[in-house]
Each structure stands twice: as C-alpha cells, then as structure tokens.
Amino acid sequence: MKKYFILDTSSLLRLIRNQDMLSNILDKGYIAIPSNVLNEIKDNSSKILLETLRDKISIIDPSSATMRKVSSIAKNTGSHVELSLTDITIVALAIELSSRNYDVEVLSEDFGIQNLCEILGISYSSVLNRKIKRTLRTRKKCLVCGEVYDASLNICPFCGSDKYKLIKVKYDS
C-alpha cells in the first residue's frame, strides 16, 4: 500500500525545486497538504512550479473536530506557543488520514511539528534528514521569581509577573 506524505510549506518548496527528491516521494506514495500550506506560498516562481504539479498533490483539510483535538494536545504539551495554525493543521491531517487506515508520514524540518508527531505516535521524517533527538515540553520560566509554569498561562502563578522566557523540559507522558 502506498503512503500519504503530508508536507509542511518548507518541505513542499524543497521538493518542487528538486525533481529527483520529488520523484522519489511520488514513487513511494502520494503528497497531501492542507490548503493553509498553499496560502503560505508567496513568491511567484514557487507558485508557478507548484501549479505544474497540482495534479500530483492532494489538497485535504482536516475536520474541525480533529483540529480541536490536536490544538488541545498542543496546549497540554505547551507546543501551542510555538506552532502556527498551519502546523496544527498538518498534524491534524496526519491524524485524520491515519484514522482512515492510510499509511501516513509527515515531512517537516520544523522541530515543533516533529515533536508533536512524536508525542502522538505519527511517523515523520525530514527532507534534509534533520530529526529531533528527544521529545520536549515547552514551559515558561518566570524572569522575576525563577519558577517554571505551564506555557498556556499569561502570568506567573507564583508571583504574578508577566515576564518570562520559554524553556524546554523533557516530555513525560
């Protein structure tokens, strides 16, 4: 069974500029992207290249229920502060196609996307062979009192400061 390769914008741009890599992916399966990825492509030369490949790329948007599920998981892991709506949509599309019993692999250089895929058990790889070394959770560290707290909070629950920096800590499921 051929698999679906779900691409983020940077991976799609790399593939449309490298016909050998693109052919290799298409020999192994199908390319699927959410419509958000198309909206992120701004330069005309990329749009023209992409237009020549439109018959080889499926544009599929995940359901709002799957989007809510992935957004909730991203919030629980703290990744929501680093992931864009498009990033969430890519992971949601992978979950949705997997739930329909398709073999799915996300292609992304983005460590935030890879991290969320790792947490959710979604297969992923990178066009440039760059992969995360460990799974991490994003937290906030208060710059006033030094306490570490949930990334979804806007102020430190210990001292009330809104001054923080984002930090990564080991993910424990």
| query | If you measure from CG on Leu7 to CD1 on Ile57, what distance do you get to the nearest 0.5 Å? | reply | 8.0 Å

| said: I need the full list of ring pair (Phe, Tyr, Trp, His ring centres under 6.0 Å) pairs touching residues 29-68, with sequence neighbours left out, sorted by first then second residue. | reply: Tyr4-Tyr30

| task | Please report the shortest heavy-atom distance between Ile33 and Leu93, naming the atom on each side. | result | C-CD2, 4.0 Å

| query | Is the shortest heavy-atom distance from the side chain of Leu22 to the side chain of Asn18 under 4.5 Å? | reply | no

| request: Please say whether more than 12 non-hydrogen atoms of neighbouring residues, nucleotides or ligands are located less than 6.0 Å from NZ in Lys168. | output: yes

| task | Start with the C-alpha distance between Asp43 and Arg17, add both sets of side-chain angles, then the distance that settles salt bridge (charged side-chain N to carboxylate O under 4.0 Å, His left out), and finish with yes or no. | result | CA-CA 13 Å; Asp43 70 286; Arg17 287 185 170 84; 3.5 Å; yes

| query | Do the side chains of Leu128 and Phe5 join up, straight or via other hydrophobic residues, at under 4.5 Å, putting them in one cluster? | reply | no

| Is there side-chain contact between Ile90 and Val106, with heavy atoms separated by less than 4.5 Å? | yes

Just list the side-chain donor-acceptor pairs under 3.5 Å for residues 146-155, sequence neighbours left out, or say none.
| from | atom 1 | to | atom 2 | distance (Å) |
| --- | --- | --- | --- | --- |
| Asp150 | OD1 | Ser152 | N | 2.7 |
| Asp150 | OD1 | Ser152 | OG | 2.3 |

| request: Locate the shortest heavy-atom distance separating Ile119 from Leu136; write the atom from each residue and the value. | output: CD1-O, 4.3 Å

| Any link between Ile167 and Tyr164 through a network of hydrophobic side chains (Ile, Leu, Val, Met, Phe, Trp, Tyr) touching at under 4.5 Å? | no

| query | How many angstroms lie between OG in Ser58 and CG in Leu97, if you round to the nearest 0.5 Å? | reply | 9.0 Å

| said: Quick check: do Ser108 and Ser10 have side-chain heavy atoms less than 4.5 Å from each other? | reply: no

| message | Would you say Ile59 ends up clustered with Val91 if hydrophobic residues are merged whenever their side chains have heavy atoms under 4.5 Å apart, either directly or through other cluster members? | response | yes

| request: Report whether Val169 and Leu143 are members of the same hydrophobic cluster (ILVMFWY, side-chain heavy atoms less than 4.5 Å apart, transitive linking). | output: no

| task | Measure across Ser123 and Val104 and return the closest heavy-atom pair with its distance rounded to 0.1 Å. | result | CB-O, 3.5 Å

| query | Where do Thr66 and Ala92 come nearest, in terms of heavy atoms and distance? | reply | CG2-O, 3.3 Å

| request: Answer yes or no: is there a donor N or O on one side and an acceptor on the other, between the side chain of Ser11 and the main chain of Asp8, under 3.5 Å? | output: no

| Exam field: side chain Glu109 to backbone Val127, donor-acceptor pair closer than 3.5 Å | yes

| task | Given side chain to side chain donor-acceptor pair (under 3.5 Å), test Ser126 with Asn129 step by step and report yes or no. | result | CA-CA 5 Å; Ser126 159; Asn129 295 318; 5.8 Å; no

| Below 4.5 Å, heavy atoms only, C-beta onward: do Ile122 and Ser98 meet side chain to side chain? | no

| message | Nearest 0.5 angstrom please: Asn36 CG to Thr86 OG1, how far? | response | 4.0 Å

| task | Answer yes or no: is there a side-chain heavy-atom contact under 4.5 Å between Leu49 and Glu51? | result | no

| Got a second to check how far Ile16's CD1 is from Thr52's OG1, nearest 0.5 Å? | 7.5 Å

| query | Got a donor-acceptor contact below 3.5 angstrom from the Ser72 side chain to the Arg68 backbone? | reply | no

| query | For Phe111 and Lys131, what are the C-alpha separation, side-chain angles and deciding distance, and is it a side-chain contact (heavy atoms from CB on, under 4.5 Å)? | reply | CA-CA 7 Å; Phe111 287 166; Lys131 288 181 88 172; 5.9 Å; no

| Going by the side-chain hydrogen bond (donor to acceptor under 3.5 Å, both in side chains) test, which pairs reach into residues 111-120, not counting sequence neighbours? | Glu118-Tyr124

| Taking C-beta and beyond as the side chain, do Leu50 and Leu12 meet within less than 4.5 Å on heavy atoms? | yes

| message | Between Ser161 and Lys163 (side chain of the first, backbone of the second, donor and acceptor by atom type, cut-off under 3.5 Å), is there such a pair? | response | yes

| query | Can you get from Val144 to Leu166 by hopping between Ile, Leu, Val, Met, Phe, Trp and Tyr side chains that sit under 4.5 Å apart? | reply | no

| remark: What one should report as the nearest heavy-atom pair of Thr138 and Gly78 is CB-O, 3.3 Å

| query | Between Met21 and Leu26, is any pair of side-chain heavy atoms under 4.5 Å apart? | reply | no

| Can you tell me how far CD of Glu82 sits from NE2 of His80, rounded to the nearest 0.5 angstrom? | 10.0 Å

| Got a salt bridge between Arg100 and Glu96, using NZ or NE/NH1/NH2 to carboxylate O under 4.0 Å? | yes

| request: Decide side chain to side chain donor-acceptor pair (under 3.5 Å) for Asp20 and Ser23; before the verdict, give the C-alpha distance in whole Å, the side-chain angles of both, and the deciding distance to 0.1 Å. | output: CA-CA 5 Å; Asp20 290 338; Ser23 293; 5.7 Å; no

| task | Taking the side chain as every heavy atom from C-beta outward, state whether Thr89 and Pro62 have any pair of such atoms under 4.5 Å apart. | result | yes

| task | State the OG1-CD1 distance between Thr9 and Ile41, to the nearest 0.5 angstrom. | result | 6.0 Å

| Would you find a donor on one side and an acceptor on the other, under 3.5 Å apart, between the side chain of Arg137 and the backbone of Asn76? | yes

